[in-house]
Amino acid sequence: MKKILLTILIISLICSVTAVFASCDEEHVHSFPENWVYDENSHWHECSDDLCIEISEKADHVWGEETVVEEATPESEGTSEKKCTVCGASESSSVTFAGISENKWNVMISESAFENYTLKYDGTMTVTAGEEENVSQMKSICKIASDKMEITVFAVSEDGLIVLPLDPLVLEGDLAETQKVQYTQLFFAVIQCYENFEYDAEQNVYKINETVTIEKDLAAISFSPTGENTEMIVPTVITIKDAVATVSDDGKLLSLVCDYKQDMEMNGGIVTEGITTWTFSDYGTTVIE
């Protein structure tokens, strides 16, 4: 009886082992779901069957365009992010401030930004017309609103000292608009080209490090003894060097210093040159009595 039981057990064991080997010989069909598994370098699909560690379609990430999540400022770093276009994995990086973007620059110098502000103008100008040359120091404060303009000009003594300002001149309507163009067109010509400036992180300013030449039609006024003033468009060549612009953290132009020369095709040719400082303030708050 014992021999019979032992024989049965041996036969059963042999059958079990045979069954196991038989199942291993069968080809396993992997099941790979659509979702991706990934690490910092690559992505792949994992077989969803229990105890199966097979993977498929492993490949390096395909990074899309990097976008700014938090913009950098002169005081703090920002954050950028890029995503894999295949699996959606993301990677963040710190961003050092390298100046405002071209889009923000263009918003900064748009006409709407200069509808209401105060402009201070200070410079020593050399004006050459024919054989005559005149050197003068100019200093003025202009309050500019959408339909009105107040100009205060400071007189300069013969020894170059600034004395008391002259009485403010208030202009309205078309005349105010014409003078506004006269006062703003030059600095607009200087700052209109974003690509001309390089950001200096150490000084937090924007500089033109090379000499730049701009050809532009400027508006001018021809005054006649009879009091009839004629508006003109004058072809002008502007040469710029050593330009430095300061911009606030919220994207407003604060100052512009520039050594420039403008050669106007007017009355036989008029050349104006010198170092000028424009200072900008009171955006949206300028009050004219």
Side-chain angles (χ1 to χ4, degrees), residues 104-125 127 136-156 165-194 196 214-224 227-238 240 243 245-248 250-258 260-267 270 272-289:
K104 284 192 172 184
W105 185 276
N106 290 334
V107 171
M108 177 185 75
I109 65 172
S110 63
E111 290 186 8
S112 60
F114 289 91
E115 286 183 351
N116 194 336
Y117 70 106
T118 296
L119 168 65
K120 295 181 180 180
Y121 179 94
D122 191 354
T124 301
M125 294 289 100
V127 180
S136 62
Q137 184 171 347
M138 302 180 65
K139 184 178 179 67
S140 64
I141 298 176
C142 305
K143 294 183 178 182
I144 299 173
S146 57
D147 60 349
K148 188 180 292 188
M149 183 174 182
E150 179 185 282
I151 307 173
T152 302
V153 179
F154 290 77
V156 183
L166 305 179
D167 292 336
L169 173 64
V170 177
L171 306 176
E172 298 185 52
D174 292 341
L175 187 56
E177 185 62 30
T178 300
Q179 285 298 313
K180 178 181 177 180
V181 172
Q182 291 283 96
Y183 269 75
T184 60
Q185 62 183 342
L186 186 59
F187 75 77
F188 261 104
V190 175
I191 63 177
Q192 66 181 348
C193 296
Y194 173 82
N196 286 341
I214 299 173
E215 295 185 8
K216 186 175 182 64
D217 292 338
L218 298 183
I221 301 177
S222 177
F223 298 96
S224 68
E228 296 180 358
N229 303 328
T230 304
E231 295 184 23
M232 307 171 59
I233 299 298
V234 183
T236 306
V237 177
I238 303 171
I240 303 163
T246 305
V247 179
S248 67
D250 59 349
K252 291 184 175 63
L253 183 64
L254 298 180
S255 67
L256 173 66
V257 180
C258 181
Y260 80 96
K261 175 181 178 181
Q262 63 179 41
D263 192 342
M264 306 178 71
E265 295 181 13
M266 179 180 180
N267 298 331
I270 298 177
T272 303
E273 54 189 319
I275 299 176
T276 300
T277 300
W278 293 269
T279 306
F280 310 87
S281 61
D282 302 331
Y283 286 98
T285 61
T286 295
V287 177
I288 300 176
E289 298 295 337

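None of these values were measured; they are calculated from a predicted model.
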Trainee: Would you mind checking if Asp250 and Lys252 are paired as a salt bridge, meaning a charged N to carboxylate O distance below 4.0 Å?
Mentor: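 Yes.
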Trainee: Over 60° means perpendicular and under 30° means parallel, so classify the ring planes of Phe187 and Tyr117, tilted if in between.
Mentor: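 Correct class here is perpendicular.
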Trainee: Rounded to the nearest 0.5 Å, what separates atom CD1 in Ile240 from atom CD in Gln262?
Mentor: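 Reported to 0.5 Å precision, the distance equals 10.5 Å.
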Trainee: For Gln192 and Ile109, which heavy atoms make the closest approach, and how far apart are they?
Mentor: CA-CD1, 3.6 Å
Trainee: Answer whether the closest heavy-atom distance between the side chains of Thr184 and Trp278 falls below 4.5 Å.
Mentor: no
Trainee: How far apart are the closest heavy atoms of Ala113 and Met108, and which atoms are they?
Mentor: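 In this case the closest contact between Ala113 and Met108 is CB-O, 3.4 Å.
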Trainee: Would you find a donor on one side and an acceptor on the other, under 3.5 Å apart, between the side chain of Trp105 and the backbone of Ile191?
Mentor: yes
Trainee: Specify the closest pair of heavy atoms between Ala189 and Ile238, including all atoms of both residues, with the distance to one decimal.
Mentor: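 Nearest heavy atoms, Ala189 then Ile238: CB-CD1, 3.8 Å.
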Trainee: Ignoring hydrogens and geometry beyond distance, is a side-chain donor-acceptor pair present between Thr286 and Thr118 at under 3.5 Å?
Mentor: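 A pair is found: one side chain offers a donor N or O, the other an acceptor, under 3.5 Å apart.
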Trainee: If every non-hydrogen atom of Ile288 is compared with every non-hydrogen atom of Lys143, which pair is closest and at what distance?
Mentor: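 Residues Ile288 and Lys143, closest heavy atoms: CD1-O, 3.3 Å.
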Trainee: Taking side chain as C-beta onward, heavy atoms only, is Val190 less than 4.5 Å from Tyr260?
Mentor: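 Heavy-atom side-chain distance check fails, nothing below 4.5 Å.
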Trainee: Distance-only, no hydrogens or angles: does the Tyr121 side chain make a donor-acceptor pair with backbone N or O of Thr276 under 3.5 Å?
Mentor: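 Here the side-chain-to-backbone pair does not exist.
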Trainee: Donor-acceptor pair, distance only, cut-off 3.5 Å: does the side chain of Thr236 make one with the backbone of Val234?
Mentor: yes
Trainee: Atom CG in Leu171, atom CE in Met149: separation rounded to 0.5 Å?
Mentor: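 With rounding to 0.5 Å, CG (Leu171) is 7.0 Å from CE (Met149).
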Trainee: Which heavy atom of Glu115 sits nearest a heavy atom of Lys180, and at what distance?
Mentor: CA-NZ, 3.9 Å
Trainee: Taking it one step at a time, do Ile151 and Cys142 satisfy side chain to side chain contact (heavy atoms under 4.5 Å, CB included)?
Mentor: CA-CA 5 Å; Ile151 307 173; Cys142 305; 4.1 Å; yes
Trainee: Going by heavy atoms in the side chains, are Leu119 and Phe280 under 4.5 Å from each other?
Mentor: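 A side-chain contact under 4.5 Å exists here.
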